**Q** 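Encoded as structure tokens, here's the structure I'll be asking about.
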Amino acid sequence: MADLFIDPGIDPFIEVDGTFNFRDVGGRHTRDGGKTRTGVLYRSAALDRLTERGRTVLDSLGIGLVVDVRSLAELERHGRFAFEGSSIEWHHVDSGFGPPVAAERPGDNEVFEADDPMSVVFRMIVEVADSLLATPLQLFARTDQPMVFHCTSGKDRTGFIAFLVQMIAGVDPEDAFEDFELSAAAMGTVRADMEARFPEMAKLEPHKLDRMAGADRRWIIDALDPVGGVGDLDPWLDSIGVDRATRDAIRRRFVMV
């Protein structure tokens, strides 16, 4: 298996004031000997608290498109990216769900009750894949500007999208899973931010909160199994609107040969 990063000495995390779990999605080897480009696609936790200093980092990276995949309820509760303007376009994709806040809501109740809450969340991600997962991939295929996409913690909805980009690019699944699980390095920050943003989640048992704040490849594997599995994603990607032309455009944009 190739090294996860082109230069194993590179720290994938980028410090951006006002957010966390910000990193480049590129920099991985592909199975056919190529490399995914750095500097074109980034992932992050929420950008609603981004500071002016954080904005200068986005400017230095040349980012022209921010894609927010949080739910409308999260947006209304916590606000949106505050720096939309001539240099940065903001695009919202309503995921329709987010961290659980009300046990009486059917989806939230299922998360609260599950032994592993994130197994439910990842199943929900796949259920709305035609918008939540497909739209950011389509946007990346079309844009000629560096792009950053994010949810709240930058690890689940965001992590799933990053995983699919890497799989489309031809990254080895093991490397893509390792990249997904890098979010566990930010687990303490994720949990503290989660509890501050959603105090209702205190209803969850501590071990469930730990799972909510973690990153486990099993969630992706189990969520994709009913739709064909990790080994052959193309038919499912076709079904959600990420067709061959879109995948080819992503590869042209993202892969160096």
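Model, not experiment: these values are computed from the prediction.
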**Q** Checking Ser153 side chain against Lys155 main chain: does a donor-acceptor pair fall under 3.5 Å?
**A**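 Not confirmed, Ser153 side chain does not pair with Lys155 backbone.
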
**Q** Just by modelled atom types, is the Leu47 backbone N or O under 3.5 Å from a matching donor or acceptor in the Thr19 side chain?
**A** no

**Q** State which residues pass salt bridge (Lys or Arg N to Asp or Glu O under 4.0 Å) with Asp234; sequence neighbours excluded, sorted by chain then number.
**A**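 If we apply the salt bridge (Lys or Arg N to Asp or Glu O under 4.0 Å) test to Asp234, skipping adjacent residues, the hits are Arg247.
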
**Q** Compute whether any side-chain donor of one residue and acceptor of the other, for Asp24 and Thr38, lie under 3.5 angstrom apart.
**A** no

**Q** Quick one: are Trp90 and Val67 in side-chain contact, heavy atoms under 4.5 Å?
**A** no

**Q** Is it possible for you to say whether Val148 and Leu133 belong to one hydrophobic cluster, with membership spreading through side-chain heavy-atom contacts below 4.5 Å?
**A** no

**Q** Quick check against the 3.5 Å criterion: does Arg157 have a side-chain atom that pairs as donor or acceptor with the backbone of His150?
**A**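 Not at all, since once roles are kept as given, no pair shorter than 3.5 Å links the two residues.
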
**Q** For Val40, check side-chain contact (heavy atoms from CB on, under 4.5 Å) against everything at least two apart and list the hits.
**A**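 Residues passing side-chain contact (heavy atoms from CB on, under 4.5 Å) with Val40: Arg37, Phe140, Arg253, Phe254.
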
**Q** Hey, is CG on Asp32 packed in by over 12 heavy atoms from elsewhere, all under 6.0 Å?
**A**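 Yes.
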
**Q** Tell me which one of His78, Arg70, Arg80 satisfies side chain to side chain donor-acceptor pair (under 3.5 Å) with Asp48.
**A**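 Exactly one pass, corresponding to Arg70.
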
**Q** Under a plain distance cut-off of 3.5 Å, with no hydrogens placed, do Thr246 and Asp243 share a side-chain donor-acceptor pair?
**A** yes

**Q** Please give me the minimum heavy-atom distance between Ile88 and Phe81, naming the atom from each residue.
**A**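 Distance-wise, the nearest heavy atoms are CG2-CE2, 3.6 Å.
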
**Q** Determine whether the aromatic ring centres of Phe22 and Tyr42 lie less than 6.0 Å apart.
**A** yes

**Q** Heavy atoms only: give me the nearest Ile168-Arg251 pair and the separation to one decimal.
**A**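 Here Ile168 and Arg251 meet closest at O-NH1, 3.0 Å.
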
**Q** Can you name the side-chain contact (heavy atoms from CB on, under 4.5 Å) partners of Glu15, sequence neighbours left out?
**A**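 Partners of Glu15 under the side-chain contact (heavy atoms from CB on, under 4.5 Å) test: none.
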
**Q** Please enumerate all residues that pass side-chain contact (heavy atoms from CB on, under 4.5 Å) together with Asp94, with sequence neighbours excluded.
**A**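 In terms of side-chain contact (heavy atoms from CB on, under 4.5 Å), with neighbours along the sequence ignored, Asp94 is linked to Ser71, Leu72, His92.
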
**Q** Where is the tightest heavy-atom contact between Ser183 and Arg23, given as atom of each residue plus distance?
**A** OG-NH1, 3.4 Å

**Q** Between Glu181 and Ala215, which heavy-atom pair has the shortest distance, and what is it?
**A** CG-O, 3.6 Å

**Q** For residues Val93 and Ser131, report the shortest heavy-atom separation together with the two atoms involved.
**A** CG1-O, 3.6 Å

**Q** What I want to check is whether the side chains of Trp219 and Asp156 have a donor and an acceptor closer together than 3.5 Å.
**A**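 No, Asp156 and Trp219 have no side-chain donor paired with an acceptor closer than 3.5 Å.
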
**Q** Under 3.5 Å, is there a donor on one side chain and an acceptor on the other for Thr36 and Gln166?
**A**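 Per modelled atom types, Thr36 and Gln166 side chains form no pair under 3.5 Å.
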
**Q** Under 3.5 Å, side chain of Lys208 to main-chain N/O of Phe112, donor-acceptor pair present?
**A**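 Yes: the side chain of Lys208 pairs with the backbone of Phe112.
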
**Q** Name all residues meeting the ring-ring contact (aromatic ring centres under 6.0 Å, His included) criterion together with Phe177; count only those two or more places apart in sequence or in a different chain, and write none if there are none.
**A**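 In terms of ring-ring contact (aromatic ring centres under 6.0 Å, His included), with neighbours along the sequence ignored, Phe177 is linked to Phe163.
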
**Q** Mind checking ring-ring contact (aromatic ring centres under 6.0 Å, His included) for Phe149 and listing every partner two or more places apart, or none if nothing turns up?
**A** none

